[in-house]
Amino acid sequence: MSEVRVRFPPSPTGYLHIGGARTAIYNWLFAKKHNGKLVLRIEDTDAERSTQESIDGILDGLRWLGITWDEGPYFQTEFAADHAAAAQRLLDTGHAYKCFCAKEELDAKRDTAMDAKQDYKYDKTCRNLSAQEIEAREAAGLPFVIRFKVPEEDGAVVFEDQVYGRIERNYADIEDFVIVRSNGKPLYLLCNVVDDIRDRITHIIRGQDGLANTPRQILIYRALGAQLPIFAHMPLTLDLQKRKISKRSHGEIVAVQYYRKIGFLPWGLINFLVLLGWSSGDDREIFSQEELIAAFSLEGINRSNSIFNYKKDDPKFITDPKALNINGHYLHTMPVEEMATLTQPFLAEAGLWDAAYEGSRRDWFLNTLTLIRDRYYTLADFTTLGRAYFADDFEVEERAVEKNLAKNPLLAEWLPLLADRLAALPDYNRETVETAARTLAEELTIKPGILINGARTVVTGCLAGPGMFEVLETLGKDRVVKRLKGSSRFFA
RNA sequence: GGCCCCAUCGUCUAGUGGCCUAGGACACUGGCCUCUCACGCCGGUAACAGGGGUUCGAGUCCCCUUGGGGUCACCA
């Protein structure tokens with residue numbers, strides 16, 4: 001078989017949303033797997049919606065994800081001549097005909113039928129117009145659309161979908177559909193096929209919502225004498241109400257951009273998205289790029305739609321918990337240098353970046369990231385949960401105050417005492433700090449935990465965190481002493 | 001409404017007639033560890049939509065019902 005060529009043809013109606021991203025990912029993986037090519041084609045036929053901004057949004061989203069394409073982006077509007085020529089050819093070869101029926105009339109008929117819960121199909125009034133009748137109408141300046149001539153004999157369009165198996169659709173159930181508008185502009189159904197033929201697409205991997213279009217497109221392929229590509233329809237991603245997700249009705253939670261903003265790693269998102277409707281067949285869920293390309297196959301795509309289980313208004317999750325979990329996995333295991341690079345923009349954005357993190361404080365910076373990342377799930381967590389490591393003006397969790405400070409009012413005295421002990425340390429490191437803290441606790445005849453957790457709250461603002469002595473070491477003597485001394489403000 | 005498609009734990013899924021008293025992951029939850037914890041480790045709750053067949057045997061095959069989705073534009 002010849003080279004595998006797949007395409008991702010977004011129409012720029014908004015941002016790249018996760019459903020579109022998933023389609024792109026599947027196509028990209030398939031191309032990579034078979035050493036094929038991925039063609040990016042922008043379906044910008046609808047001029048009103050195709051703003052430069054939304055085109056950029058899509059390219060931007062793909063680039064961020066690391067979805068690379070081999071050809072394009074092509075723009076559908078640049079191939080208008082191809083589309084027109086194909087329409088003319090269908091007309092010339094008798095596969096299509098001009099229809100002079102008034103749109104208003106047809107619309108009315110359809111509405112009536114739908115209201116009466118009846119099926120409606122174009123009645124083919126113009127299909128059998130004689131040459132003279134056509135001439136007369138054209139001479140009269142009547143506008144016309146071009147309709148495709150669906151075979152009238154018994155039979156069906158049959159094709160083998162790689163995911164859904166054998167799909168059959170009777171000719172009788174397909175109406176003579178419009179392929180060119182009365183203003184001469186070809187419709188998507190035609191354009192899409194013409195473009196795919198020209199781009200020599202061998203496999204069409206797209207959402208299941210394209211499944212119903214496929215029989216009509218196959219008819220066009222045949223009429224144009226082109227070789228059929230292989231079709232593979234993938235299940236859709238639905239929202240909690242089982243509706244198709246869309247930027248319009250779900251907002252930024254379904255936009256790829258949003259995940260960049262909240263600190264997802266591109267690969268974390270990809271790994272999550274690929275699992276929505278596909279599985280390797282074994283129990284693996286975490287894949288490196290190489291592993292995923294090796295494991296991916298059309299056979300692994302399942303047939304039922306999946307639900308994007310995002311937790312709206314839940315501060316603990318922000319989005320689908322599994323997405324966060326997978327992202328967290330990569331955050332915890334990736335090389336820290338790499339993560340540092342990704343973290344920098346987030347710190348900078350929050351005003352927490354220090355140029356020294358790239359120079360004299362590089363080691364400290366990397367060590368700190370390594371220390372705190374285990375409990376974080378997104379890059380943004382470094383600027384929120386981890387703020388105390390990079391700045392002095394951090395928030396203190398109320399629950400931490402309640403649990404670790406309020407219960408022991410005497411900490412108002414003990415903490416500054418601990419500060420003095422630490423300040424007096426000639427050699428300040430996790431061992432000496434630990435000894436000092438435990439010794440003080442012993443002298444005060446209190447459990448070390450009381451002192452330690454009190455210190456944790458005052459020094460990091462958080463209830464949870466890494467081992468306290470490592471934290472105290474990484475924060476450094478000056479900061480720790482200052483924060484402990486200032487702890488009285490929590491006891492006012 | 002016509003046509004097409006789908007149906008396993010809350011969610012993502014494994015399962016292609018016996019290996020399923022249904023496996024994994026996330027979430028939830030119990031315990032352990034510990035100075036704390038949204039780290040880690042160990043354990044638990046939780047699903048084959050319903051009904052008929054076929055078969056020695058059905059989550060797996062067939063039919064019906066129910067439920068869900070898609071699509072039916074001079075949108076893409």
Side-chain angles (χ1 to χ4, degrees), chain A residues 9-13 43-46 48-50 76 99 103 106-107 110 113-121 143-147 161 164-165 167-170 172-175 177-183 185-189 191-192 207-215 233 235-236 238 240 242-244 272 275-286 302-309 311 316-317 320-326 328 332 373-377 381 385 400 403-404 434 437-438 441 447-457 462-469:
Chain A
S11 65
T13 54
E43 312 236 303
D44 58 344
T45 319
D46 187 343
E48 285 170 37
R49 288 196 269 184
S50 302
Q76 192 162 60
C99 169
K103 177 180 175 11
L106 263 24
D107 283 349
R110 178 169 35 243
M114 285 292 233
D115 287 348
K117 299 202 183 276
Q118 298 286 302
D119 187 24
Y120 173 81
K121 279 195 284 296
F144 63 87
V145 298
I146 298 177
R147 284 182 187 275
D161 189 273
Y164 288 94
I167 303 285
E168 215 175 316
R169 180 95 180 267
N170 291 123
D173 293 327
I174 309 175
E175 76 169 339
F177 53 96
V178 177
I179 54 176
V180 179
R181 297 181 177 87
S182 54
N183 66 6
K185 296 246 195 263
L187 254 19
Y188 159 80
L189 216 53
C191 299
N192 195 255
Q208 193 241 57
D209 47 355
L211 198 54
N213 277 335
T214 308
H233 288 86
L236 269 18
L238 274 23
L240 270 18
K242 299 195 173 178
R243 295 268 143 216
K244 262 207 309 186
F272 166 70
L275 258 18
L276 250 33
W278 172 86
S279 72
S280 62
D282 50 42
D283 285 338
R284 286 180 301 161
E285 296 199 320
I286 297 290
N302 66 26
R303 285 170 294 280
S304 48
N305 296 337
S306 56
I307 294 172
F308 176 49
N309 190 29
K311 306 284 185 187
K316 183 172 171 185
F317 291 114
D320 190 311
K322 190 152 187 169
L324 280 169
N325 180 274
I326 290 173
H332 303 156
R373 70 170 163 175
D374 276 351
R375 285 162 186 78
Y376 296 168
Y377 290 88
D381 287 340
L385 300 172
K403 188 177 171 192
N404 294 330
E434 174 158 11
R438 290 193 188 278
K447 285 196 285 188
I450 292 176
L451 208 51
I452 292 167
N453 287 318
R456 175 192 306 287
T457 302
C462 296
L463 193 56
M468 196 51 207
F469 303 112

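This is a predicted model, so every value here is computed, not measured.
The side-chain heavy atoms of A:Leu187 and A:Val145, taken from C-beta on, include no pair separated by under 4.5 Å. You'll find the side chain of A:Pro321 reaches within 4.5 Å of the side chain of A:Lys311, heavy atoms only.
Across B:rG70, B:rC74, B:rC26, the shortest atom-to-atom separation from the side chain of A:Asn325 is found for B:rC26. For A:Phe317, the listed nucleotide lying nearest its side chain is B:rA27; candidates were B:rA76, B:rG70, B:rA27. The listed nucleotides are B:rG70, B:rA14, B:rA76; the one nearest the side chain of A:Arg243 is B:rG70.
Nucleotide B:rA38 is matched to nothing when pairs are restricted to Watson-Crick or G-U wobble geometry with both distances under 3.5 angstrom. Using the Watson-Crick or G-U wobble rule with both distances under 3.5 Å, B:rA49 pairs with B:rU65. Summarising the base pairing, B:rG1 is matched to B:rC72 through a Watson-Crick or G-U wobble pair whose two defining distances lie under 3.5 Å. Here B:rA22 sits opposite no nucleotide as a Watson-Crick or G-U wobble pair (both hydrogen-bonding atom distances under 3.5 Å). When both distances must be under 3.5 Å, the Watson-Crick or G-U wobble mate of B:rA14 does not exist. Under the Watson-Crick and G-U wobble criteria, each requiring two contacts below 3.5 Å, nucleotide B:rC9 is left unpaired.
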List every contact pair, protein side and nucleotides 6-11 of chain B side both N or O, where the distance is under 3.5 Å.
residue : atom : partner  : partner atom : Å
B:rU11  : O4'  : A:Asn309 : ND2          : 3.4

Report, one pair per line, the protein and nucleotides 71-73 of chain B atoms (nitrogen or oxygen only) whose separation is under 3.5 Å.
residue : atom : partner  : partner atom : Å
B:rU71  : OP1  : A:Lys244 : NZ           : 3.1
B:rA73  : OP2  : A:Arg110 : NE           : 3.3
B:rA73  : OP2  : A:Arg110 : NH1          : 3.1

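If A:Asn302 and A:Ile452 are placed on RNA chain B by their nearest nucleotide, the residue sitting closer to the 5' end is A:Asn302. When each of A:Asn183 and A:Ile450 is assigned the nucleotide of RNA chain B bearing its nearest heavy atom, the one mapping closer to the 5' terminus is A:Ile450.
Between B:rU71 and B:rC61, the two P atoms lie 27 Å apart (nearest whole Å). Between the C1' atoms of B:rU13 and B:rA46, the separation comes to 15 Å (whole Å). To the nearest whole angstrom, the two C1' atoms, one in B:rG15 and one in B:rG23, are 8 Å apart. The separation of B:rA47 from B:rG24, taken at their P atoms, amounts to 14 Å, rounded to a whole angstrom. To the nearest whole angstrom, the two C1' atoms, one in B:rC62 and one in B:rU16, are 15 Å apart. Taking the P atoms as reference points, B:rC56 lies 45 Å from B:rC42, given to the whole Å. Taking the P atom of each, B:rC72 and B:rG30 are spaced 50 Å apart, rounded to whole Å. B:rA7 and B:rC39 have their C1' atoms separated by 38 Å, with the value rounded to a whole Å.
Within the nucleic acid shown, A:Ile167 comes within 4.0 Å of sugar-phosphate atoms alone, with no base atom in reach, counting heavy atoms only. Counting non-hydrogen atoms under 4.0 angstrom, A:Gly207 reaches nothing in the nucleic acid. In this structure, A:Glu43 reaches the sugar-phosphate backbone alone: every heavy-atom distance under 4.0 Å involves primed, P, OP1 or OP2 atoms, never a base. Using a 4.0 Å heavy-atom criterion, one finds that A:Ser279 contacts the sugar-phosphate atoms exclusively. At the heavy-atom level, A:Pro321 lies under 4.0 Å from the strands shown only through sugar-phosphate atoms.
Although no hydrogens or angles enter the test, the distance criterion places no donor-acceptor pair under 3.5 Å between the side chain of A:Asn309 and the main chain of A:Asp320. The backbone N or O of A:Lys185 sits less than 3.5 Å from a side-chain atom of A:Asn183, completing a donor-acceptor pair. Side chain of A:Asn305 to backbone of A:Pro235: no donor-acceptor contact under 3.5 angstrom is found.
In this structure, the OH atom of A:Tyr188 is 10 Å from the C1' atom of B:rC75, given to the nearest Å. Between the CH2 atom of A:Trp278 and the P atom of B:rG15 there is a distance of 12 Å, rounded to whole Å. In this structure, A:Lys447 atom NZ and B:rU34 atom P are separated by 14 Å, rounded to whole Å. Atom P of nucleotide B:rG70 and atom CG of A:Asp161 are separated by 18 Å, given to the nearest angstrom. Following rounding to the nearest Å, A:Asp283 (CG) and B:rG15 (C1') show an atom-to-atom distance of 11 Å. Between A:Lys185 atom NZ and B:rC74 atom C1' the separation is 13 Å, expressed in whole Å. Rounded to a whole Å, the CG atom of A:Asn192 is 15 Å from the P atom of B:rC75. We find that CG of A:Leu238 is positioned 9 Å from P of B:rC12, with the value rounded to whole Å.
Remark: A:Thr214 engages A:Arg206, A:His233 in a side chain to side chain donor-acceptor pair (under 3.5 Å) (not counting sequence neighbours). Evaluation of the side-chain contact (heavy atoms from CB on, under 4.5 Å) rule for A:Leu324 yields A:Phe264, A:Phe317, A:Thr319, A:Tyr377, A:Thr378 as partners, not counting sequence neighbours. In this structure A:Arg243 satisfies the salt bridge (Lys or Arg N to Asp or Glu O under 4.0 Å) test with no other residue, sequence neighbours excluded. Partners of A:Arg284 according to the side chain to side chain donor-acceptor pair (under 3.5 Å) rule, which considers only residues two or more places apart in sequence or in another chain, are A:Asp282. Contacts of A:Glu285 classified as salt bridge (Lys or Arg N to Asp or Glu O under 4.0 Å), with partners at least two apart in sequence or in another chain: A:Lys322. The side-chain contact (heavy atoms from CB on, under 4.5 Å) search around A:Pro10 returns A:Phe8, A:Leu40, A:Ile42, A:Ile58, not counting sequence neighbours. With sequence neighbours excluded, the residues that form a salt bridge (Lys or Arg N to Asp or Glu O under 4.0 Å) with A:Lys103 are A:Asp107. For A:Pro466, the side-chain contact (heavy atoms from CB on, under 4.5 Å) partners are A:Leu371, A:Ile372, A:Arg375, A:Tyr389, A:Val471, not counting sequence neighbours. With sequence neighbours left out, A:Asp209 forms a side-chain contact (heavy atoms from CB on, under 4.5 Å) with A:Leu236, A:Lys244.
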For nucleotides 36-45 of chain B, 5' to 3', base contacts (B), sugar-phosphate-only contacts (S) and non-contacts (-) with protein non-hydrogen atoms under 4.0 Å give BBSB------
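Rounding to the nearest 0.5 angstrom, the gap separating the CZ atom in A:Arg438 from the CD1 atom in A:Ile452 is 5.0 Å.
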